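All chains are named by letter (A, B, ...) in the order of the sequence lines, taking the proteins before the strands, and each is independently numbered beginning at 1. Note that the structure is predicted; figures quoted are calculated from it, not measured. Side-chain atoms are counted along with the backbone in the values below, which use heavy atoms only and exclude waters and symmetry mates.
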Amino acid sequence: MTKQYTASSRHTEHASPVGSQFAVLKSPQRGQLAALSIAAVVIMVGVPLWWRTTETYRAWLPVSQINELANMQLQLSADVEVVFARGTVTPEQQKKVPLTQTQDEEHTVDGDLIFKAVCDPMVTKYEDCKLIHADLSLHTLSESPCGSLVVYVIPESSSLLPEDMDVYIGQRRTALLRIGAQMRVGRTVEQLLAHLEPRIKQVLQVMSFSHTDITAALSDRVRLSPGNKESIADSMRAFKSSPGYEITFSLLNPDPKSHRLHWDIEGAVQTYIQPLLTKLAPVANFSLDSQTLYYAMLGVNPRFDSSSSAYTLNSDSLAHVINPVEARLGSNAASSNPVLNFLLYVPDAHHSPLYIHDNKKQEVPSNAFHSPRWGGIMVYNVNGFYRPEAVLPVDININMAKVMGVFLAQLRLLLGVQSSTAPPGFLMAPCGSTGLADWELDRLMWSRSVENVATATTTITSLAQLLDQIGNIVINDNIAEQVSSAVTSLQLAVAELEAGNLGFALQYSKEAIMASERAFFDPSLLHLLYFPDDQKFAIYIPLFLPMCVPILLSLLKIVSEARQKRREKQAKKD
Amino acid sequence: MKILTFFSLFSTFLSANSINVEENAGQFFSSGHTNNWAVLVCTSRFWFNYRHVANTLSVYRSVKRLGIPDSHIVLMLADDMACNHRNPKPATVFSHKNMELNVYGDDVEVDYRGYEVTVENFLRVLTGRLPPSTPRSKRLLSDDRSNILIYLTGHGGNGFLKFQDSEEISNVELADAFEQMWQKRRYNELLFIIDTCQGASMYERFYSPNLMALASSQVGEDSLSHQPDLAIGVHLMDRYTFYLLEFLEDIHPASKANMKDLFKVCPKSQCVSTPGHRTDLFLRDPGSALITDFFGSVRKVEITMETINLTDLIKEAEQNPMNEKPQKVTYSYVDQLPVSEIIHQKPKQKDWHPPDGFILGLWTLILLVFFKTYGIKHLKHIF
């Protein structure tokens with residue numbers, strides 16, 4: 001009992017000094033002080049604290065540079081060296097020929113200036129070039145770097161070119177241009193140059209880039225107006241630019257009881273395909289694999305054509321061949337790269353030989369067809385390799401050179417190496433053992449660089465726009481880093497394209513596209529938290545309203561009391 | 001397989017009679033797509049939502065029949081019907097009463113199953129923002145020439161769709177996801193079909209080009225189910241999807257039926273609700289868009305006209321010198337079922353709780369402090 005009293009008395013003792021101090025202030029003033037201090041704490045401490053804790057972390061993005069990129073114009077420069085052979089210009093004229101001349105061509109798409117093609121024909125040497133037949137020897141005269149061209153102007157009377165051909169395009173980056181008949185006598189330098197200019201431009205359009213190529217490559221940024229059907233078909237056929245591709249060769253053997261097939265795929269790939277892929281290494285990485293599928297039938301029954309006593313597949317049924325087979329082709333589960341499938345189908349003994357007919361019911365010499373952005377299928381007939389009374393199963397070695405010839409042609413088409421028909425009067429050298437001429441590689445590199453730059457620009461600008469619109473998304477540091485590096489690479493790529501360094505331009509454009517894709521497809525950028533405004537109010541009102549009402553009311557009371565006091569003071573004064 | 005051969009024979013017969021080169025070339029260019037993808041999502045789970053799973057699987061079967069391979073289909077199902085202990089016929093999912101058609105079958109490939117069907121995963125699949133470890137079969141690897149079919153079914157409301165009874169996706173999120181797909185050119189044309197209550201609200205907010213949308217009911221209406229099966233005990237299909245499938249049964253890979261026919265599927269007399277569609281964002285005329293542009297996968301082909309003449313001989317691989325024996329690399333498999341580890345492993349760590357005696361002791365302490373402060377006389381009120 002004693003303890004209790006002591007405790008309570010101690011309690012009151014402690015209470016009194018504080019209470020007395022507090023009791024000194026008058027009650028209404030105490031209330032006002034309390035309300036004002038609470039309001040002050042809420043406004044000065046609470047609101048900033050709430051703001052900071054509900055803020056999403058957004059790293060800084062170079063928005064102004066991104067907006068600049070959106071309005072950027074591309075300038076492509078190609079260096080062209082024009083070499084006059086003996087007999088084309090007289091020595092006096094040679095002195096008057098200007099050494100460099102820049103040709104600008106502006107190309108607009110939809111009224112916006114999109115790119116300028118700048119060609120520098122540098123007439124550097126009046127060379128004493130011997131009339132040699134092999135194109136390779138011309139090549140050793142001047143090594144031209146990636147992206148540039150050398151055009152040799154040869155006299156009218158030379159016998160290098162056949163009669164009706166005026167231009168010869170070699171395997172490397174050289175071309176032979178035969179000077180026209182009207183330029184034989186009595187011409188001035190200006191006339192000569194005026195005559196040569198459009199012809200050199202035409203050569204340039206075939207060997208480097210043309211308006212249609214670049215607009216097709218820019219189709220990401222610019223809505224492609226329906227041009228001619230060929231350009232649309234080309235753009236639909238070739239795969240989009242990607243850092244890597246996977247190529248799969250499959251051998252389909254529906255009839256293992258009759259045919260035992262052997263194909264030296266490793267050797268064939270090493271000898272025929274690998275040189276092309278090595279040459280294309282600056283453009284993309286390639287990974288190759290192969291497989292054999294047994295009892296894999298085509299989904300279509302071929303018809304027997306009694307006139308040629310062979311089975312035929314006509315072009316309309318080809319479209320239905322691919323789908324049933326595709327279900328059985330595997331793919332590499334680890335990568336997301338586009339896959340090119342090349343199938344070699346050996347028909348079963350009961351449906352041999354099998355030929356593909358085109359629209360005009362003619363046999364197709366290659367006996368192969370391809371599907372845009374998918375791959376190619378070739379039908380290889382083996383009934384000629386064994387007699388009908390041979391013991392089954394027969395061992396058959398497949399002629400890989402023939403097969404790879406077809407697959408290589410299909411691979412070229414699918415990768416975008418256009419086999420556009422040459423303009424009249426042009427003679428093209430057959431592409432060498434690698435399957436790709438140097439200037440074709442340059443062409444591909446031009447369109448790929450432009451495509452990469454366009455795609456990366458679109459990606460970055462749309463990402464910036466998206467992050468701007470949706471305020472809830474957290475922007476981590478790594479995303480900001482990727483965006484900055486993409487912007488830097490894009491600026492460098494554009495600069496290199498302007499300077500004409502194709503190799504560097506392609507490399508920078510590839511880096512730009514990889515960084516921009518990584519930033520855009522980062523898994524953390526998911527706008528899951530969409531709060532419409534009414535839902536935001538519904539969340540915050542139950543939290544803040546009960547707290548704010550007493551404060552507001554007490555502040556209003558303070559204001560009304562102060563006003564009343566002032567009125568009383570006025571009344572007292574009067 | 002037989003049906004496919006029959007159809008292809010049928011189509012070759014038809015086309016043999018009416019070959020028109022210009023027409024075929026024109027078709028090559030009119031649709032502008034080279035491959036097809038399908039994303040089929042069933043957003044419900046539990047036994048009484050059997051009909052949603054049957055809906056999705058029936059559309060899956062049609063799409064596969066018309067040619068889209070499994071590698072191009074992303075199927076998201078809760079997949080708890082076939083092996084549900086309330087299923088009187090295990091390992092089957094029927095879509096017709098009297099158990100006529102088993103849509104589950106042997107070769108269904110479900111990419112996202114069970115609790116993986118979430119709003120987050122669905123949006124990740126659409127926008128492509130998947131973690132790098134995601135396998136290829138779970139990704140939508142479409143490009144700017146892909147036509148995508150998206151089919152959603154489940155329970156929905158005005159402006160939202162319920163996912164697995166625990167979360168929702170709103171129509172604004174869906175429209176934003178499609179816009180992000182468009183920004184990255186992840187589709188050429190997109191057909192969006194939704195079979196839920198008030199389904200038309202889900203496509204109200206779309207604003208990206210090249211989208212066409214169909215819904216089974218307008219805002220304020222409910223989509224109804226079609227028929228119960230007395231043996232299984234639940235409704236098997238929804239009306240709209242039932243009539244949609246009846247329509248699709250007549251479509252074969254070479255069919256020329258167009259989208260306008262699809263809009264006529266399931267009028268109000270059959271469906272009780274009013275199906276709706278939206279085509280203002282679609283750039284082509286819907287009459288020129290074929291059903292097989294979205295539901296099938298008709299490949300464009302071109303004859304290969306050129307070949308390259310290769311004359312090099314295949315180089316023989318160099319023989320190893322006979323002194324070096326080829327190194328034998330022994331591979332060993334990881335123990336697939338480490339039985340000894342499983343038997344002897346410690347029980348799984350649950351979340352830490354304070355020991356039971358602690359809480360009791362804490363309360364005793366509190367009571368003692370209380371009574372010391374305020375006196376023992378209050379104790380009798382407690383005990």
Using non-hydrogen atoms and a 4.5 Å limit, figure out which bit of [X] sits close to chain B: side chain, backbone, both or neither.
{"X": "A/Glu517", "result": "side chain"}
{"X": "A/Asn399", "result": "neither"}
{"X": "A/Phe520", "result": "both"}
{"X": "A/Ile322", "result": "side chain"}
{"X": "A/Met378", "result": "neither"}

Can you name the closest pair of heavy atoms from [X] and [Y] and give their distance?
{"X": "B/Lys300", "Y": "A/Pro372", "result": "O-CD, 3.0 Å"}
{"X": "A/Pro523", "Y": "B/Pro131", "result": "CG-CA, 3.8 Å"}
{"X": "B/Glu306", "Y": "A/Ala409", "result": "O-CB, 3.3 Å"}

Does any heavy atom of chain A fall under 4.5 Å from the side chain of B/Leu130, the backbone, both, or neither of them?
backbone
Contacting region of B/Asp70 [heavy-atom separation from chain A under 4.5 Å]:
neither
How long is the straight-line distance from [atom2] of [Y] back to [atom1] of [X], given to the nearest 0.5 Å?
{"X": "B/Gln183", "Y": "A/Thr461", "atom1": "CD", "atom2": "OG1", "value": "7.5 Å"}
{"X": "A/Leu414", "Y": "B/Glu302", "atom1": "CG", "atom2": "CD", "value": "9.0 Å"}
{"X": "B/His252", "Y": "A/His320", "atom1": "NE2", "atom2": "NE2", "value": "9.5 Å"}
{"X": "B/Arg185", "Y": "A/Thr459", "atom1": "CZ", "atom2": "OG1", "value": "10.0 Å"}

Would you call B/Asp144-A/Lys240 a salt bridge at under 4.0 Å N-O?
yes
Residue set satisfying side-chain contact (heavy atoms from CB on, under 4.5 Å) with A/Asn323, at least two apart, ordered chain then number -> A/Glu326, B/Ser297, B/Arg299
Taking the side chain as every heavy atom from C-beta outward, state whether [X] and [Y] have any atom pair closer than 4.5 Å.
{"X": "A/Asp522", "Y": "B/Arg129", "value": "no"}
{"X": "B/Arg136", "Y": "A/Val339", "value": "yes"}
{"X": "B/Lys184", "Y": "A/Thr455", "value": "yes"}
{"X": "A/Ser336", "Y": "B/Arg139", "value": "yes"}

Checking B/Asp143 against A/Arg373 for the salt bridge (Lys or Arg N to Asp or Glu O under 4.0 Å) test, could you report, in this order, the C-alpha distance in whole Å, the side-chain angles of both residues, the deciding distance, and whether it holds?
CA-CA 10 Å; B/Asp143 54 27; A/Arg373 300 215 183 166; 3.6 Å; yes
Could you tell me which residues satisfy salt bridge (charged side-chain N to carboxylate O under 4.0 Å, His left out) with B/Asp106, sequence neighbours excluded, listed by chain and number?
none
More than 12 foreign heavy atoms under 6.0 Å from CD of A/Glu266: is that the case here?
no
Count the heavy atoms of every other residue, nucleotide or ligand shown that sit under 6.0 Å from CZ of A/Phe304, and state whether that count exceeds 12.
yes
Verdict with reasoning, B/Met305 to A/Ser366, per side chain to side chain contact (heavy atoms under 4.5 Å, CB included):
CA-CA 7 Å; B/Met305 287 304 179; A/Ser366 62; over 6 Å; no
Evaluate side chain to side chain contact (heavy atoms under 4.5 Å, CB included) for B/Ile303 paired with A/Ile356, printing each intermediate quantity in order.
CA-CA 9 Å; B/Ile303 308 281; A/Ile356 297 178; 4.1 Å; yes
Mind running side chain to side chain contact (heavy atoms under 4.5 Å, CB included) on B/Asp176 and A/Leu466 for me, showing each step along the way?
CA-CA 9 Å; B/Asp176 283 340; A/Leu466 170 78; over 6 Å; no
Worked check of side chain to side chain contact (heavy atoms under 4.5 Å, CB included) between B/Ile308 and A/Arg412:
CA-CA 10 Å; B/Ile308 296 181; A/Arg412 276 168 51 106; 3.6 Å; yes
